[in-house]
Asker: 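Mind having a look at this structure? Questions to follow.
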Amino acid sequence: MTIRLFDSAAREKRVFKPQDPARVTMYVCGPTVYNRAHIGNFRPVIVFDTLFRLLRQTYGETAVVYARNVTDIDDKIIAASVESGETIAAITQKYAAIYGEDAAAVNALAPTITPWATKHVGEMLAMIEALERKGYAYATDTGVYFDVPQVPTYGRLSGRKLEDNLAGARIAVDQGKRNPADFALWKFTKPDEPDSAVWDSKWGKGRPSWHIECSAMAAKHLGKTIDIHGGGIDLQFPHHENEIAQSECTHGEEMARYWMHNGFLDMGGEKMSKSLGNVVLLNELLNDWDGEVIRFAMLSGHYRAPLDWTDDLLEQAKVTLGRIYGALRRVWAAEGARASDKGVRRALSDDLNTPVALADLSRLAGEANSAADRGDQDAMAQARADILAAGPLLGLLTKTPAQWEQGDSNDDTARIDQLVEDRLTARAEKNWAEADRIRDKLQAERIEIMDSATGSTWRRI
RNA sequence: GGCCCUGUGGCGGAGUGGUGACGCAGCGGAUUGCAAAUCCGUGUACACCAGUUCGAUUCUGGUCGGGGCUUCCA
């Protein structure tokens, strides 16, 4: 099935053709690990995980190489270390581990490669040296900078011109730079910085600047030209623009063939961001919502559009996902059919149209329920197979219906099962008072009984 | 200021030059001991004003509103 992706650089959907179908490469900018990531930070995680899943199904599980870096050296990490007294390594390892756990909680597969910046300082220095040799870099007394005006195509990705930027009021003031648009490749060590943030270089002690790590690590692990480079829309300029400048001036080849950027999560119509302080942490959400509900909510909007993150969105996601699990429960025993419906995959292949994919999943749930109502075994088996085939593409439906509705079997589920049995007995004796008493009792525990011609089942709501 | 995106029914959210995706909520019916679950049915939605067209929510121009980037940021 043809995959089409919206390429930010081309500003249109393009048919996706990898350089080598046997080795499809994707690089996504990962976290700076100095504190907990918020739910907005997990939008690219979930979005590109969904793309990863689609590509794996299309090109083969081992044919897709997905790298997502860990930025473990940066101003904020140094500041966190100085403030807390913890070592940089302790801080970065702690928060990288939490990030990994959070990502797993929303069913994101581990990337193929997770490169850490501090493990690649040698590669970064080699790149900076190459840039200097070619005349693209120069040193000042604060660091080594990239000479932006030497790249006539600078701004192509984000669709802006250097002179446009000059009109803005937010250009950094740095007298040492030749041009305000020049950006740091290497930052010299400042007096109060910890030793663990210091590396030697031919220009002097310092540390790599942010942009260079992605260029160096993408080239090392995925090659000079990668197929897909992704990240949040805020990274389009300047981060990705700078990556392009560094990489293409070093290698003389196109850095990435498709650029993809996800939109922001909003809170009350304004973007969620650490600097605004209007953030919700994923681990807080996990206290109240299943990871799959969070993922469903995230996928309910198209990845390029802003998505307003509200409790109501989560509640709707929970109800809708619950209906799908309920439908799956009703056809669970009808095994044997082969999946044939391509709706979800078709939707995802059209620039990751997850809202349509989820609509299709709902359609399949309707078919399952309808088949179950009719007692049509063939249709039930077909619906079951189609729903279960869609799950892995979306990173949803990883549980059995019983696990979803009732949780894992234990003493409590046995107790509830017994009460449901008792109620059935009461109903058989037309003892409605007793039957309703049991139902009310369970209702008070947020347990819902669902009757059918063949018996009763229950779920936690 | 510059550049870019966006405005769909009570809510979320796709899509299209010509029969109202899908989900949630609501309403009616079936089913049920009564419910719930489920199924079926049910909505004169496309910010506003012009223009192009046989026909525009969809294309063009303008107006108004919302948002983003403009070197901290997913």
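Small disclaimer: the values here were computed from a predicted structure and weren't measured. Below, read A as the first sequence line, B as the second, and so on, with proteins coming before strands; counting in each chain starts at 1.
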Asker: Rounding to a whole Å, what distance do you find between A:Trp309:CH2 and B:G12:P?
Answerer: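 Nearest whole value for this atom pair: 15 Å.
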Asker: Which whole-number value in Å describes the distance from A:Asn41 CG to B:A74 C1'?
Answerer: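 One finds 5 Å between C1' of B:A74 and CG of A:Asn41, rounded.
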Asker: Here's a test of your reading of the structure: between A:Ala365 and A:Pro44, which maps to the more 5' nucleotide of RNA chain B?
Answerer: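 It is A:Ala365, whose closest nucleotide lies nearer the 5' terminus.
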Asker: Are A:Asp422 and A:Gln418 close enough, and set up right, to give a side-chain hydrogen bond (donor to acceptor under 3.5 Å, both in side chains), and what steps lead you there?
Answerer: CA-CA 6 Å; A:Asp422 293 347; A:Gln418 186 56 54; 2.9 Å; yes
Asker: Answer with base, sugar-phosphate or nothing: what part of the nucleic acid does A:Asn353 contact at a heavy-atom distance below 4.0 Å?
Answerer: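 Counting heavy atoms under 4.0 Å across all strands, the contact made by A:Asn353 is with sugar-phosphate only.
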Asker: Return the nucleotide paired to B:A35: Watson-Crick means purine N1 to pyrimidine N3 with N6-O4 or O6-N4, wobble means G-U with N1-O2 and O6-N3, both under 3.5 Å.
Answerer: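 Paired with B:A35, as far as the under-3.5 Å criterion goes, is no nucleotide at all.
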Asker: Using a cut-off of 4.0 Å on non-hydrogen atoms, how would the nucleic acid contact of A:Asn262 be classed: base, sugar-phosphate, or nothing?
Answerer: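 Result for A:Asn262 = base.
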Asker: For A:Asp451, answer base if it contacts any base atom (sugar-phosphate contacts may also be present), sugar-phosphate if it contacts only those atoms, and nothing otherwise; contact means non-hydrogen atoms under 4.0 Å.
Answerer: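 Counting heavy atoms under 4.0 Å across all strands, the contact made by A:Asp451 includes a base.
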Asker: In whole angstroms, how far is the C1' atom of B:A21 from the CG atom of A:Leu358?
Answerer: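 About 13 Å, once rounded to whole Å.
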Asker: Give one of base, sugar-phosphate or nothing for A:Gly326, where a contact means two heavy atoms less than 4.0 Å apart.
Answerer: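 No contact.
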Asker: Rounded to the Å, how far apart are A:Tyr34 OH and B:A74 P?
Answerer: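 In whole Å, B:A74 P lies 7 Å from A:Tyr34 OH.
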Asker: Can the positive tip of A:Arg304 be found less than 6.0 Å from the middle of the six-membered ring of A:Phe6, inside 45° of the ring normal?
Answerer: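 Cation-pi check for A:Arg304 and A:Phe6: passes.
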Asker: Name the nucleic acid region contacted by A:Arg330, choosing base, sugar-phosphate or nothing; use a 4.0 angstrom heavy-atom cut-off, strictly under.
Answerer: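 Result for A:Arg330 = sugar-phosphate.
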Asker: Less than 3.5 Å between a donor and an acceptor, one on the side chain of A:Lys274 and one on the base of B:C72, is that the case here?
Answerer: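 There is none.
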Asker: Tell me whether A:Phe264 and B:G68 count as stacked here, given that the ring centres must be under 5.5 Å apart and the planes must differ by less than 30 degrees.
Answerer: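 No, aromatic ring not over the base.
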Asker: Classify A:Ser275 by what it touches in the nucleic acid, base, sugar-phosphate, or nothing, heavy-atom distance under 4.0 Å.
Answerer: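 A:Ser275: base contact, heavy atoms under 4.0 Å.
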Asker: Centres of the A:His229 and A:Tyr258 rings: under 6.0 Å?
Answerer: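 No; A:Tyr258 has its ring centre 6.0 Å or more from that of A:His229.
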Asker: Taking donor-acceptor contacts at under 3.5 Å, does the side chain of A:Arg439 reach the base of B:A35?
Answerer: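 Checked by distance alone, the answer is yes.
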Asker: Once you apply a heavy-atom cut-off of 4.0 Å, does A:Arg304 come out as touching a base, just sugar-phosphate, or nothing?
Answerer: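 No contact.
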Asker: From CH2 of A:Trp458 over to P of B:A35, roughly how many Å is that when rounded to an integer?
Answerer: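 In whole Å, B:A35 P lies 25 Å from A:Trp458 CH2.
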